[in-house]
Amino acid sequence: MTWGIISLLAAYIWQLYTLWLLIRLHESVPGKRYSRYVELSKAAFGEKLGAWLSIFPTLYLSAGTATALTIVGGGAMKLFFQIVCGSTCQSNPLTTIEWYLVFTCLALVLSQLPNLNSIAWLSLIGAITAVTYTTLIWGLSVSKSRPMGVSYDPLKLKSDAATVFATLNALGAITFAFRGHNLVLEIQATMPSSLKHPAHVPMWRGAKAAYVLIALCLFPLAIGGYWAYGNLIPQGGILNALYGFHNHDISRGLLGLTVLLVVINCLSSFQIYSMPMFDLAESGYINSTNKPCPQWLRSGFRIVFAFIAFFVGIALPFLTSLAGLLGGITLPVTFVYPCFMWLMLKKPEKYSASWYLNWGLGIFGSILSVAFSVGGIWSIVDNGLKLKFFKPS
């Protein structure tokens with residue numbers, strides 16, 4: 001547990017630093033605002049290299065997050081139905097794939113909102129539900145008796161190599177939890193800015209407040225969840241553990257509310273994390289045709305993207321493996337590229353503290369990205385052979 005908390009804390013501090021870098025780089029050139037992550041990457045690394053380095057990881061991040069939210073949201077809908085219907089329910093429940101489809105259809109309705117400004121209220125709902133459901137989950141978990149047989153000993157795998165790969169996969173999942181830096185510049189672009197009142201001041205103030213809330217959600221959930229369930233946490237995560245171990249000593253109303261909040265949060269998060277993909281598809285059409293993107297085509301882009309996430313969720317239903325691989329692939333977007341962007345655009349004095357810090361973090365993060373990706377691939381192959389591809393439980 002100690003090493004897990006240290007890793008979580010290190011990732012939290014690291015990504016908070018790179019968030020500060022991006023906020024300051026938004027207006028690094030006087031009179032110019034970099035409103036997209038790809039734009040800033042091109043300015044730092046050059047037109048071709050910047051596009052190559054940023055576009056594909058950003059796409060993986062948006063698509064991977066949408067897939068993960070489809071798996072979690074669809075699974076939570078299925079669990080909500082079980083709680084509301086009860087053990088004596090005579091109805092014929094939907095399959096897991098059908099619940100994924102229900103979630104996808106609901107997400108598609110909300111995805112018709114055109115831009116980040118239009119989903120500000122949705123983002124607020126997502127923040128409120130995240131704080132509420134994480135507090136409920138860890139609060140209910142630690143307030144009840146721990147299950148019989150709970151253990152905190154490290155899991156014994158078949159070989160030392162398997163242990164190493166599993167550890168790398170777990171660390172990759174931690175880095176995936178801190179996704180979203182590719183949205184920072186787009187959010188900051190919605191704020192007014194001038195030489196006297198630059199946007200980075202209120203943006204950093206808001207970011208600090210937001211990450212205080214994130215810490216208050218994340219660390220109690222991690223610590224309380226591990227204390228309550230240890231190695232008994234199932235493949236589906238702590239929400240399934242709460243229901244599996246305490247569905248008899250927690251009221252159905254409270255359990256149902258907790259799961260419903262998870263569903264609402266997944267639906268709101270789907271729109272926020274998918275927006276870079278929507279924006280990229282629409283801007284590509286506009287740049288190639290010099291015409292505004294019509295409403296029917298905008299809807300078509302979003303329908304295609306949502307169903308890609310749906311089909312990937314069916315093909316790879318083992319979320320922990322998927323999160324580890326995505327964490328490794330997309331790690332540079334959050335932890336690496338901002339450091340190199342700072343070096344390219346701000347050009348700190350050679351051998352200064354800033355120069356050493358950003359080079360060190362950038363190189364170390366690149367090495368971790370490769371290692372976590374390998375761990376994620378191993379876990380997908382290993383779990384895929386056990387849980388079977390295209391067979392969500």
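We're numbering straight along the sequence, starting at 1.
The CD1 atom of Ile119 lies 11.0 Å from the CD1 atom of Ile125; values are rounded to the nearest 0.5 Å. Here the CG atom belonging to Leu110 is positioned 11.0 Å from the CD1 atom belonging to Ile272, to the nearest 0.5 angstrom. Atom OG of Ser143 is separated from atom CH2 of Trp138 by 9.5 Å, given to the nearest 0.5 angstrom. Taking CG of Leu22 as the reference point, atom OH of Tyr37 lies at 6.0 Å (rounded to 0.5 Å). Note that CE of Met277 is 11.0 Å distant from OG1 of Thr65, once rounded to the nearest 0.5 Å. The structure places CG of Leu108 at 10.5 Å from CZ of Phe305, a figure rounded to the nearest 0.5 Å.
Between Val262 and Val72 the shortest side-chain heavy-atom distance falls below 4.5 Å. Considering only heavy atoms from C-beta on, Phe245 stays 4.5 Å or farther from Ser145 through its side chain. Between Pro198 and Val201, the closest side-chain pair of non-hydrogen atoms falls below 4.5 Å. The closest side-chain heavy-atom distance from Leu218 to Phe178 is below 4.5 Å. Leu232 places none of its side-chain heavy atoms less than 4.5 Å from the side chain of Arg146. At a threshold of 4.5 Å between non-hydrogen side-chain atoms, the residues Ser379 and Leu325 do not count as touching. Counting only heavy atoms from C-beta outward, the side chains of Lys78 and Glu98 never approach each other to under 4.5 Å. At a threshold of 4.5 Å between non-hydrogen side-chain atoms, the residues Cys105 and Leu101 count as touching.
Using modelled atom types, no side-chain atom of Ser62 and backbone atom of Leu59 make a donor-acceptor pair closer than 3.5 Å. A donor-acceptor pair under 3.5 Å is absent between the side-chain atoms of Gln188 and the main chain of Val184, judged by distance alone. Between the side chain of Lys346 and the backbone N or O of Leu343, no donor-acceptor pair lies under 3.5 Å. Under the 3.5 Å distance criterion, the side-chain polar atoms of Lys144 are left unmatched by any main-chain donor or acceptor of His246. A donor-acceptor contact shorter than 3.5 Å is absent between the side chain of Thr334 and the backbone of Leu331. Side-chain atoms of His181 come within 3.5 Å of backbone N or O of Gln15 as a donor-acceptor pair. Using modelled atom types, no side-chain atom of Tyr243 and backbone atom of Gln82 make a donor-acceptor pair closer than 3.5 Å. Using a distance-only test at 3.5 Å, with no hydrogens or angles considered, a donor-acceptor pair links the side chain of Tyr226 to the main chain of Tyr152. With hydrogens and angles ignored, the 3.5 Å screen pairs a side-chain donor or acceptor of Trp14 with a backbone N or O of Phe335. One N or O on the side chain of Ser268 and one on the backbone of Asn265 form a donor-acceptor pair closer than 3.5 Å.
The aromatic rings of Phe307 and Phe311 sit tilted, their planes meeting at an angle between 30° and 60°. Ring geometry for Trp20 against Trp342 counts as tilted: the plane angle lies between 30° and 60°, on a 0 to 90° scale. Ring orientation note: the planes of Trp355 and Tyr351 are nearly perpendicular, at an angle over 60° on the 30°/60° scale. Ring-plane geometry between Phe81 and Trp99 is classed as tilted, the angle between the planes lying from 30 to 60 degrees on a 0 to 90 degree scale.
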(message) Please evaluate residues Asn182 and Ser54 with respect to the criterion side chain to side chain contact (heavy atoms under 4.5 Å, CB included), reporting the C-alpha separation (whole Å), side-chain torsions for both, the decisive distance (0.1 Å), and the verdict.
(response) CA-CA 9 Å; Asn182 56 309; Ser54 60; over 6 Å; no
(request) Run the numbers on Phe301 and Phe278 for ring-ring contact (aromatic ring centres under 6.0 Å, His included), then give the verdict. (result) CA-CA 7 Å; Phe301 285 145; Phe278 300 158; 9.3 Å; no
(message) Working note: Asn169 + Trp378, criterion side chain to side chain contact (heavy atoms under 4.5 Å, CB included); need CA distance, chi angles, decisive distance, verdict.
(response) CA-CA 8 Å; Asn169 181 64; Trp378 172 87; 5.6 Å; no
(request) Go through the steps for Gln271 and Leu113 under the test side chain to side chain contact (heavy atoms under 4.5 Å, CB included), then give the verdict. (result) CA-CA 9 Å; Gln271 316 310 317; Leu113 296 169; 5.8 Å; no
(message) Leu368 vs Val336, test: side chain to side chain contact (heavy atoms under 4.5 Å, CB included). Steps then yes/no.
(response) CA-CA 10 Å; Leu368 290 181; Val336 176; over 6 Å; no
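Connection of Ile286 to Val304 is not established within any shared hydrophobic cluster, with ILVMFWY side chains joined at heavy-atom distances below 4.5 Å, either directly or through further cluster members. In the hydrophobic clustering of this structure, Leu213 does not group with Phe219; members are Ile, Leu, Val, Met, Phe, Trp, Tyr whose side-chain heavy atoms approach within less than 4.5 Å, directly or through other members. If you chain together hydrophobic residues whose side chains sit under 4.5 Å apart, Ile367 and Phe176 fall into the same group. In this structure, Phe56 is a member of the same hydrophobic cluster as Phe340, with clusters built from ILVMFWY side-chain heavy atoms closer than 4.5 Å. In the hydrophobic clustering of ILVMFWY residues, with side-chain heavy atoms under 4.5 Å counting as a link, Val131 and Ile214 come out apart.
Here the shortest heavy-atom pairing between Thr70 and Ala309 reads OG1-CB, 4.1 Å. The two residues Pro234 and Asn240 come nearest to each other via the heavy atoms CG-CB, 3.8 Å. The shortest heavy-atom contact between Phe270 and Ala107 is CD2-CB, 3.8 Å. Residues Leu239 and Ala76 come closest through the heavy atom pair CD2-CB, 4.4 Å. Minimum interatomic distance between Val374 and Phe165 (heavy atoms only, all atoms of both residues): CG1-CE2, 3.5 Å. Shortest non-hydrogen contact noted between Tyr34 and Leu25 is CD1-O, 3.6 Å.
Residue pairs that meet the salt bridge (charged side-chain N to carboxylate O under 4.0 Å, His left out) test with at least one member in residues 268-291, sequence neighbours left out, are Arg36-Asp279, Glu282-Arg298, Glu282-Arg302.
By the 6.0 Å contact criterion, CG on Asp160 is open, its count of non-hydrogen atoms from other residues, nucleotides or ligands being 12 or less. Remark: Tyr12 OH is packed, more than 12 non-hydrogen atoms of other residues, nucleotides or ligands lying under 6.0 Å away.
Side-chain contact annotation: Asn358 with Ser354, donor-acceptor N/O pair under 3.5 Å present. Between the side chains of Ser141 and Tyr229, at least one donor N or O lies within less than 3.5 Å of an accepting N or O. Neither side chain, Thr190 nor Glu186, offers a donor N or O lying under 3.5 Å from an acceptor on the other.
Residues that satisfy the side chain to side chain donor-acceptor pair (under 3.5 Å) test with Tyr356, not counting sequence neighbours, are absent from this structure.
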